[in-house]
Amino acid sequence: MRKILLLFICFICFSFSFAADKKTLVHNFNYEDLGTQFKVYDVTGAVVDSDISSATVIKDENSATGFGNVLHVKVGDVASYIEFEIPNGMTGTKASGEFHTLTFTILRPDGQPETFKGTFTLSFGNTVSLKTNSGDINAPVSVETTLSYGVNKVSSVSKKFRIGFNIKNVEYYLDDIYFWSVNYNYDYTDPLQTARYHADQIGKNLGVCVSPNQLNASTREGQTIYRNFNMLVGENAMKFDATEPSRNNFNFSQGDAIVNFAQKYDMEVRGHTLAWHSQTSQWVHDGKYSKKEMLDILKNHIFKVVGHWKGKITEWDVVNEVLQDGQNPGVGGGYQLRTNSVWYERCGEEFIDSAFVWAHQADPDAILYINDYNIGHWGGGHYENGKTHGMYNLAKRLKEDGIPIHGVGMQMHTSVGNLRVDEIEKTVQEFEKLGLKCIITELDMPGSNPSTSSEQTTQATKYAGLADIICRYDNAPSMVVWGIADNKSWLENCEQTKPLLFEPNFAAKKSYLKIVDTFEKYAVAASFEPVIADEEELLPAVVDVYNLMGQKVASQMLMEDIETLPAGLYIVGGKKIYIR
Ligand code: G3I
């Protein structure tokens, strides 16, 4: 295939006031995107109106790659680019050491003629200015490659960025497009040694549950949190009894402390939880409210809580632990709901559907999960796998009824002996087929009392095995551990059973180090070349050419073609140039 390497020189538009960026998912091409067409542009910024060049969201049958739905880009006989919106607030000039970061995953479908090798281009703005990254992309066929690039200035004038390659007649899949800020000014002891650094590179989350009193950045505990994790969840701070202690009287102070800390350290926050049979304020129980009153109470609670943190909390556990233990997936609708729940007792099953609808109305951008325990193992007779199938059937019913559910949270309060990583992977695969995310939300893994050294080695292997799943599956973006140090867990005897990733003095355990190794293995050593763009140094990619009399002699000319002009003096981009 003939390749023309089009050299692009470009500039990144310049400064606006710095905004504290948050990691924002631009596109992962959910099931509702299927069939969506994206416009394709050529280097001059014109729409490529060709039946050869196209960009369409399709279901990637090659599900082994865990891609699910992808954007299928076909480029005809002109190098083409796909344009996306820059998320709100993601513009401005970063301080030194901080960068706007674009991460995306690329895959070349089977049957392609050769390894895809081209220069990645990134443009901010719907002008023709394109950024040539410093390295070539080598995305061989059927290998999922995650790339990330950073620039320090992004103009808020134009709300677009483009992804494309300077290659003609090529085909590839795009997925998991994230845009966020990365700040290497943290006083990391050594970023390369932290799971967070590598997770950031590949757009994955390693999260931890916290309480406000742990968020002191001058303590070892506080530093351990922001250095090693990129997602927080309130252990109790955002539950019903903490946020609405009395009817329609809201207190967000605990949750605000967590959100503020997360914003300071560029971390994501997941909300836990809106409707749960436990830790629902006593007044709800005592009120002996009718079904309608209970639904009004729940609706008001959801709109006030989700609305308060709209745009700051990226995902919610909308309902928690609604399934009864000991499921019989072959009976009735394939699942049985927990009956000892004030919400179920007073409202029936519909409180689940309504809670998701209200959460979605309160924040349409939030990713909405149903969360439960003992729903990780798919089969094999281990450890209550029947609940997994019950959850599958409930989640399927919700989706089929058009309820805005986006994923399932596996709490995974497991144990070293019980956890079967291969069965967890099977569950992730099954929910991927449903078009649902499947994440780990409350992971802890106690050994026996006291836990032996060999158990702790097995624990490290299993923690790493779960991290491996998170790295490999598009629909499994996060794993959250339920606590930081072994002596501070909700579990009894935790100092003896050692369920978590850090020692009581916050030294990293083998389990943490194996998670770091796993994330690092997958983090593409992206040529993270921050561009300190300086406007007058660079020229736009396509220019008009004038002679010294100020008459236009060529328009919309590629920089590379300039040298083909007849010898002489010209004015290009406001500069005098001499063609020999
Ligand atoms: O806030 C009160 C405090 O005022 C009082 O002095 C103290 C002594 O009674 O209790 C405090 O409340 C405690 C609360 O945690 C906040 O610390 C509750 O007693 C205690 O029961 C509660 O435990 C939490 C538990 O959920 C409640 O079910 C744990 O910290 C928390 O880790 C645990 O987390 C749950 C998830 O939300 C859902 N999945 C299961 C997981 C483990 O149970």
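What you see is a predicted model, and the numbers here were worked out from it, not measured in a lab. Counting from 1, the numbers follow the sequence of the chain as shown. Order of appearance sets the numbers: ligands from 1, and atoms from 1 within every ligand.
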- [ ] Using the six-membered ring of Tyr265, assess whether NZ or CZ of Arg196 lies under 6.0 Å from its centre and within 45 degrees of the ring axis.
- [x] no
Task: Qualifying residues under salt bridge (Lys or Arg N to Asp or Glu O under 4.0 Å), relative to Glu350, sequence neighbours excluded - done: Lys291
- [ ] Kindly state each residue pair satisfying ring pair (Phe, Tyr, Trp, His ring centres under 6.0 Å) with at least one member in residues 429-448, sequence neighbours excluded.
- [x] Tyr392-Phe431
Task: Protein residues having a heavy atom less than 4.0 Å from any atom of ligand 1 - done: Glu235, Asn236, Lys239, His272, Trp276, Ser278, Gln279, Asn320, Glu321, Gln411, His413, Glu442, Trp482, Trp490
Task: For Pro245, all residues meeting side chain to side chain contact (heavy atoms under 4.5 Å, CB included), sequence neighbours excluded - done: Asn249, Asn251
TODO: For residues His301 and Phe240, establish whether the separation of their ring centroids is below 6.0 Å.
DONE: yes
Open item on the list: Can you confirm if the NZ or CZ of Arg220 lies within 45° of the ring axis of Phe502 and under 6.0 Å from the centre of its six-membered ring?
Closed with: no
